[in-house]
Amino acid sequence: MTRELWTEVDSYLSDALIPADPVLDAALADSAAAGLPSIAVAPNQGKMLYLLALTAGARSILEIGTLGGYSTIWLARALPPGGKLVTCEYEPRHAKVARANLDRAGFGEDVVDIRVGAALETLPGLTGPFDFVFIDADKVNLPGYLAAALELSRPGTTVVVDNVVRGGGVVDDSGSDAAVRGVRGMLEAMTGDDRLDATAVQTVGSKGYDGFVLARVR
């Protein structure tokens with residue numbers, strides 16, 4: 001089993017189940033042209049986020065980590081009329097690209113609010129509760145992001161955290177990798193918090209070997 005095969009399977013599944021989408025394609029193309037890192041979720045993962053938010057009946061969504069707005073567009077499409085999404089992005093340059101991509105997708109500031117700055121500083125200024133939370137930002141601060149998200153949640157809120165397997169590095173308890181320390185700290189916090197019911201799933205695909213956490217606030 002190789003990454004080339006994983007990518008081929010991802011492409012096949014996406015082609016089979018996800019129609020061509022010029023808006024999403026343009027968001028990726030403009031992000032690449034602006035020099036943003038190629039770390040947006042894969043199309044099938046974006047569709048999964050859309051379906052999870054839709055299944056949760058989310059009217060309010062919180063995203064931590066906007067990048068170029070690709071996953072943001074998927075999530076915003078799950079909102080009903082009158083729904084709202086708040087997304088937190090550290091880099092002003094990324095937020096500028098995301099704003100243009102979101103506007104083109106039909107999600108203006110009345111639907112998607114981009115908060116620019118360190119999320120641990122902007123999150124306390126938000127008003128919850130949110131029905132759905134997607135965390136896809138730097139891993140060092142995951143324990144803090146989780147704690148802040150829980151303060152903005154309610155019983156029944158769905159929480160998804162991406163990139164938690166780290167190519168298998170999550171099992172390394174040496175503490176030598178700051179990102180792995182962040183993931184493990186978040187998982188330990190989840191284990192010790194009786195407000196959460198959670199699981200984690202390993203994934204392979206065009207983005208390599210990783211995985212995500214799926215949790216629900218009790």
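In what follows, every heavy atom counts, from backbone to side chain, and hydrogens, waters and symmetry copies are set aside.
For the residue pair I135 and A149, the shortest heavy atom distance occurs at CD1-CB, 4.4 Å. Annotation for A53 and L75: closest pair CB-CD2, 4.2 Å, computed over non-hydrogen atoms. The shortest heavy-atom contact between L67 and A40 is CD2-N, 3.7 Å. Between V111 and G83 the shortest heavy-atom distance is CG1-O, 4.1 Å. What you find for G185 and P143 is that their closest heavy atoms are C-CG, 3.9 Å. Taking each heavy atom of L146 and A189 in turn, the nearest pair found is CD2-CB, 4.2 Å.
Going from atom CG of L52 over to atom CG of L214 covers 6.0 Å, rounded to the nearest 0.5 Å. One finds the OG1 atom of T157 at 11.0 Å from the CD1 atom of I61 (value rounded to the nearest 0.5 Å). Here the CH2-CD distance, from W74 to E63, works out to 14.0 Å after rounding to the nearest 0.5 Å. A distance of 10.5 Å separates OH of Y50 from CG of L79, quoted to the nearest 0.5 Å. Here the CE atom belonging to M186 is positioned 12.0 Å from the CG atom belonging to D193, to the nearest 0.5 angstrom. Distance CD1/I64 to CG/L120: 8.0 Å, rounded to 0.5 Å.
V86 is listed as a side-chain neighbour of F130, based on a closest heavy-atom distance under 4.5 Å. With a 4.5 Å cut-off on side-chain heavy atoms, V170 and L187 count as touching. P43 places none of its side-chain heavy atoms less than 4.5 Å from the side chain of D10. Contact annotation: the side chain of F134 never approaches that of T87 to less than 4.5 Å [non-hydrogen atoms, C-beta and beyond]. By the 4.5 Å heavy-atom criterion applied to side chains, S38 and K207 are counted as neighbours. Between T72 and N101, the closest side-chain pair of non-hydrogen atoms is not below 4.5 Å. At a threshold of 4.5 Å between non-hydrogen side-chain atoms, the residues D138 and Y145 count as touching. For the pair T158 and T55, the minimum side-chain heavy-atom distance is 4.5 Å or more.
Linking ILVMFWY residues whenever their side-chain heavy atoms come closer than 4.5 Å, directly or via other members, leaves V160 and L142 in distinct clusters. By the criterion of side-chain heavy atoms lying less than 4.5 angstrom apart, applied directly or through intervening Ile, Leu, Val, Met, Phe, Trp or Tyr residues, V159 is grouped together with V183 in one hydrophobic cluster. Residues F212 and V171 fall into different hydrophobic clusters, defined by Ile, Leu, Val, Met, Phe, Trp and Tyr side chains chained together at heavy-atom separations under 4.5 Å. Under the 4.5 Å side-chain heavy-atom criterion for Ile, Leu, Val, Met, Phe, Trp and Tyr, V133 and I114 are members of distinct hydrophobic clusters. Placement of L152 and V112 in two distinct hydrophobic clusters is found when ILVMFWY residues are connected by side-chain heavy-atom separations under 4.5 Å, directly or transitively.
Taking E188 as the reference, R184 meet the side chain to side chain contact (heavy atoms under 4.5 Å, CB included) condition, with sequence neighbours excluded. With sequence neighbours left out, D131 forms a side chain to side chain contact (heavy atoms under 4.5 Å, CB included) with A58, R59, S60, R154.
At least one donor-acceptor pair under 3.5 Å links the side chain of R181 to the backbone N or O of G175. The backbone N or O of V165 sits less than 3.5 Å from a side-chain atom of D210, completing a donor-acceptor pair. R115 places no side-chain N or O within donor-acceptor distance of the main-chain N or O of E89, the cut-off being under 3.5 Å. A donor-acceptor pair is defined here as one N or O able to donate and one able to accept, closer than 3.5 Å; such a pair exists between the side chain of K139 and the backbone of A137.
The local environment of NZ in K96 is sparse, with at most 12 non-hydrogen atoms from other residues, nucleotides or ligands closer than 6.0 Å. For CZ of F107, the number of neighbouring non-hydrogen atoms (other residues, nucleotides, ligands) closer than 6.0 Å is greater than 12. Summarising the local packing, CD of E91 is surrounded by more than 12 heavy atoms from other residues, nucleotides or ligands at distances under 6.0 Å.
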side-chain contact (heavy atoms from CB on, under 4.5 Å) between E8 and L5, worked out = CA-CA 5 Å; E8 184 179 354; L5 179 57; 4.1 Å; yes
inquiry  = Determine whether M190 and V161 satisfy the following criterion, side-chain contact (heavy atoms from CB on, under 4.5 Å), listing intermediate values before the conclusion.
reply    = CA-CA 12 Å; M190 285 185 162; V161 187; 4.3 Å; yes
query = Where do R218 and D197 land on the salt bridge (Lys or Arg N to Asp or Glu O under 4.0 Å) test, with the steps shown first?
reply = CA-CA 7 Å; R218 293 190 175 107; D197 197 7; 3.7 Å; yes
message = With side-chain contact (heavy atoms from CB on, under 4.5 Å) as the criterion, how do T66 and H94 come out once you've worked through the C-alpha distance, each side chain's angles and the decisive distance to 0.1 Å?
response = CA-CA 8 Å; T66 317; H94 296 181; over 6 Å; no
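Between R104 and D30 there is a salt bridge, since at least one side-chain N of the basic residue sits less than 4.0 Å from a carboxylate O of the acidic one.
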Would you list the atom pairs, donor with acceptor, under 3.5 Å between side chains in residues 17-29 and any protein atom, with sequence neighbours excluded?
from, atom 1, to, atom 2, distance (Å)
D21, OD1, V23, N, 3.1
D21, OD1, L24, N, 3.2
D21, OD1, R77, NH2, 3.3
D21, OD2, R77, NH1, 2.6
D21, OD2, R77, NH2, 3.2

